[in-house]
Amino acid sequence: MYRKPIIYQLIPRLFTNYNEKCVPGGSLAQNGSGKLNSINKNILDSIKALGVTHVWYTGVLEHAHCSDYTEYGIVKDNPHVVKGLAGSPYAIKDYYDIDPDLAVNVPDRIKEFEALVDRTHDAGMNVIIDFVPNHVARRYHSDAAPAGVEDFGAHDDNNLGFSPKNNFYYITRQLFAPSVDMGSGKQAYIEFPAKATGNDCFTAFPGQCDWYDTVKLNYGIDYANGSHHFSPVPDTWNKMLDILKYWASKGVDGFRCDMAHMVPLEFWQWAIAAVKQHYPHVKFIAELYDTGLYRSFISVGGFDYLYDKVNLYDTLRGIQTANYSAAQITGCWQTVEGIGGNMLNFLENHDEQRFGSKFYAGDAAKVIPSLVVSSMIGTGAMMIYMGQELGEAAKEAEGYSGYDGRTTIYDYWSLETLRRWLNSGAPSEANLTERQQWLRSKYAAILGICNREQAIANGRFFDLMYVNYENPTLNPHRQYVFMRNLAEETLIIAVNFSADSCDMAVNLPTHAFEMLQIPQGKATMTELLTNRKATKHIADGKPFEVFLEPWGAAVWKVNHRNIKPIE
């Protein structure tokens, strides 16, 4: 039976770092780093207990940072082109290696990752890692690549701004000169000629807000005139396919593809098909921010899931923070109608501000309506971010990242919420505050429903708003109601984005009974979030009564065989 994918994103560098005295902007020696080996069976079992099916290990590939591992034969990075002391997990310096920060024994870092993959599988979950195809660190060098694999740029002609044979783009006869201090003397970072920067910055002068720590990869598009050079297959394509196959051979079950829309669709069509020919179970998730590209990246590119950030996430955030009406959710499912099963929904990830931060909701306990909608509106995947289920609010300025409502990806750091729960490797809810215990139980209940209920994992969706806009008991600005159905089971789901409780008498239209083949009458139903039971009318002309707490939700389930005619 199909299970709805529930993904738990964690950054190992932060996740199992138990240092209680981190210093903002501190070094590895001062603040420490979480280790892959520390993600033990007990921790994985505790993650799975939330309803999780996949773990996304973020930032495991070796990337540029300021720590010194030269004694292990790893070239030291120039700190002037590293963001923060820990560096960005998306400035990859070796696609074939695991970041040494994450290893207990640095020479065994690949083995430690392989052991984590095995532990995750033994716990009954799949493994996802990042695939970062658009850009690399300013100085890329692999010391772990299999024999015969050459570095990016090894044979580039840097006298040419563009060549289909090159891996990089060059700004010829010009020194790399960003508006960031590149140092002086022997400590200076020197790049001549300059390479284009990762965020499609085709000059030698990127700014502070550009991705100046990365270099754009060349997939055969001449950005000077827009021409495509995909035949013969560009060298970059072959190198990237080899990397995907390498990690798939290590047991990786999926790739979250960073900034997928900045890489040609033709590459994805070619590469994903080639990987799936050998590893048909491997899933591909696209980080994508243009609804106009959704359908082509699925039907042509071959992606299994897409970030639905600019559609559902932005709408839910707008309801929470910008006076959007809850009725706007209707437009979200209409935008992805027919491809809803390919959406990946979320309320938090490493790029976004924490739900509980003052920059978003300001109170993690208000998450229930957003969580229910994002996890139950479609059959696609749902993702949560480490500590989200504990109400992590990102209240600290960790260093390079600053105080911005996000959990840093650039600094060595530790999260107090995670330390409480993980308990140095022996997870326990006993250490959590009462609020944290309450919140985690709510996440487990909601995600558990997504696991158990086939009407959520496989069923059809029916929006009830169109027959309730003029319903005096339902405020379409603050409440949203819909149905999920599969075979003889129907769920009626209602959420309340309001600080006031409400008693709703929801209209159920004739069309819903006809389309979903639901008999009309009354039945004893179960509210799945609380396991409360009640006898309710399920009929056209007999409003369905629902009470919702402030910032609450209800998921009422009925089996059609239990519906009896109204006498």
Side-chain angles (χ1 to χ4, degrees), residues 1-12 14-16 34-58 60 102 112-129 250-256 281-283 285 304-305 344-349 367 371-372 374-376 379-392 415 417-432 436-454 456-458 528-529:
M1 188 71 76
Y2 173 82
R3 293 177 69 198
K4 182 181 178 74
I6 306 294
I7 300 169
Y8 191 91
Q9 181 193 6
L10 67 86
I11 299 177
L14 306 175
F15 188 69
T16 51
K35 305 296 180 182
L36 300 180
N37 282 0
S38 298
I39 306 172
N40 60 29
K41 179 183 183 301
N42 291 335
I43 291 174
L44 291 169
D45 287 344
S46 188
I47 290 173
K48 187 185 180 186
L50 283 171
V52 172
T53 61
H54 298 65
V55 183
W56 168 18
Y57 294 109
T58 303
V60 296
L102 307 181
E112 291 184 15
F113 173 74
E114 292 171 338
L116 176 60
V117 171
D118 289 342
R119 286 197 301 278
T120 308
H121 287 161
D122 289 345
M125 296 178 291
N126 290 335
V127 172
I128 297 171
I129 67 169
K250 298 282 185 189
V252 168
D253 305 292
F255 297 96
R256 179 268 189 188
H281 71 286
V282 170
K283 303 299 182 186
I285 300 167
D304 297 284
Y305 300 104
L344 184 150
N345 295 332
F346 55 85
L347 300 175
E348 293 186 14
N349 63 44
V367 76
L371 182 61
V372 166
S374 56
S375 64
M376 298 187 187
T379 60
M382 178 65 192
M383 181 171 75
I384 63 171
Y385 186 32
M386 59 177 190
Q388 176 182 341
E389 75 281 18
L390 304 172
E392 172 60 39
L415 279 68
T417 49
L418 292 178
R419 294 198 305 271
R420 276 181 173 272
W421 162 48
L422 295 177
N423 190 34
S424 298
S428 172
E429 293 193 7
N431 296 329
L432 300 180
Q436 290 170 336
Q437 291 177 1
W438 176 86
L439 190 61
R440 194 169 193 271
S441 70
K442 291 296 184 183
Y443 271 86
I446 291 167
L447 299 178
I449 290 169
C450 294
N451 282 165
R452 295 188 302 273
E453 298 299 329
Q454 286 300 307
I456 300 290
N458 289 318
L528 299 180
L529 293 174

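Reckoned from all heavy atoms, side chains included, excluding hydrogens, waters and symmetry mates.
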Hey, is the main chain of [Y] close enough, under 3.5 Å, to the side chain of [X] for a donor-acceptor pair?
X: Gln9; Y: Met383; answer: no
X: Arg119; Y: Ile39; answer: yes
X: Thr16; Y: Lys35; answer: yes
X: Asn345; Y: Met382; answer: no
X: Lys4; Y: Ala381; answer: no
X: Ser46; Y: Asn42; answer: no

Would you mind reporting whether [Y] and [X] have side-chain heavy atoms less than 4.5 Å apart?
X: Val117; Y: Lys250; answer: no
X: Leu439; Y: Val367; answer: yes
X: Ile11; Y: Tyr385; answer: yes
X: Phe255; Y: Ile128; answer: no
X: Gln436; Y: Thr417; answer: yes
X: Tyr57; Y: Leu10; answer: yes

Supply the atom-to-atom distance [X] [atom1] to [Y] [atom2], rounded to the nearest 0.5 angstrom.
X: Ile7; Y: Asn349; atom1: CD1; atom2: CG; result: 11.0 Å
X: Leu116; Y: Asn40; atom1: CG; atom2: CG; result: 10.5 Å
X: Leu347; Y: Leu371; atom1: CG; atom2: CG; result: 6.0 Å
X: Lys283; Y: Asp253; atom1: NZ; atom2: CG; result: 10.0 Å
X: Ile449; Y: Leu529; atom1: CD1; atom2: CG; result: 4.0 Å
X: Met386; Y: Trp421; atom1: CE; atom2: CH2; result: 10.5 Å

Practice item. Among Asn451, Ile446, Ile384, Ile6, find the residue that satisfies the side-chain contact (heavy atoms from CB on, under 4.5 Å) test when tested with Leu50. Key: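 For Leu50, the side-chain contact (heavy atoms from CB on, under 4.5 Å) check succeeds only for Ile384.
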Exercise for review: Only counting residues at least two apart or in another chain, list the ones meeting salt bridge (Lys or Arg N to Asp or Glu O under 4.0 Å) with Arg420.
Suggested key: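 If we apply the salt bridge (Lys or Arg N to Asp or Glu O under 4.0 Å) test to Arg420, skipping adjacent residues, the hits are Glu416.
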Check your understanding: salt bridge (Lys or Arg N to Asp or Glu O under 4.0 Å) with Glu389: which residues, sequence neighbours excluded?
Key ->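 Applying salt bridge (Lys or Arg N to Asp or Glu O under 4.0 Å) to Glu389 gives none.
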Ignoring hydrogens, what is the shortest heavy-atom contact between [X] and [Y]? Give both atom names and the distance.
X: Ser375; Y: Ile456; answer: O-CG2, 4.0 Å
X: Pro12; Y: Val60; answer: CG-CG1, 3.9 Å
X: Asp45; Y: Ala123; answer: OD1-CB, 4.0 Å
X: Leu422; Y: Phe15; answer: CD1-O, 3.2 Å
X: Cys450; Y: Ala457; answer: O-CB, 4.4 Å
X: Met125; Y: Ile47; answer: SD-CG2, 4.1 Å

**Study point:** Step-by-step side chain to side chain contact (heavy atoms under 4.5 Å, CB included) determination, Leu102 to Glu112
**Key:** CA-CA 9 Å; Leu102 307 181; Glu112 291 184 15; over 6 Å; no
Check your understanding: Counting heavy atoms not belonging to Lys41, are there more than 12 under 6.0 Å from its NZ?
Key ->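 Result for NZ/Lys41: open.
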Exercise for review: Test side chain to side chain contact (heavy atoms under 4.5 Å, CB included) on Trp56 and Ile285 and set out the steps.
Suggested key: CA-CA 11 Å; Trp56 168 18; Ile285 300 167; over 6 Å; no
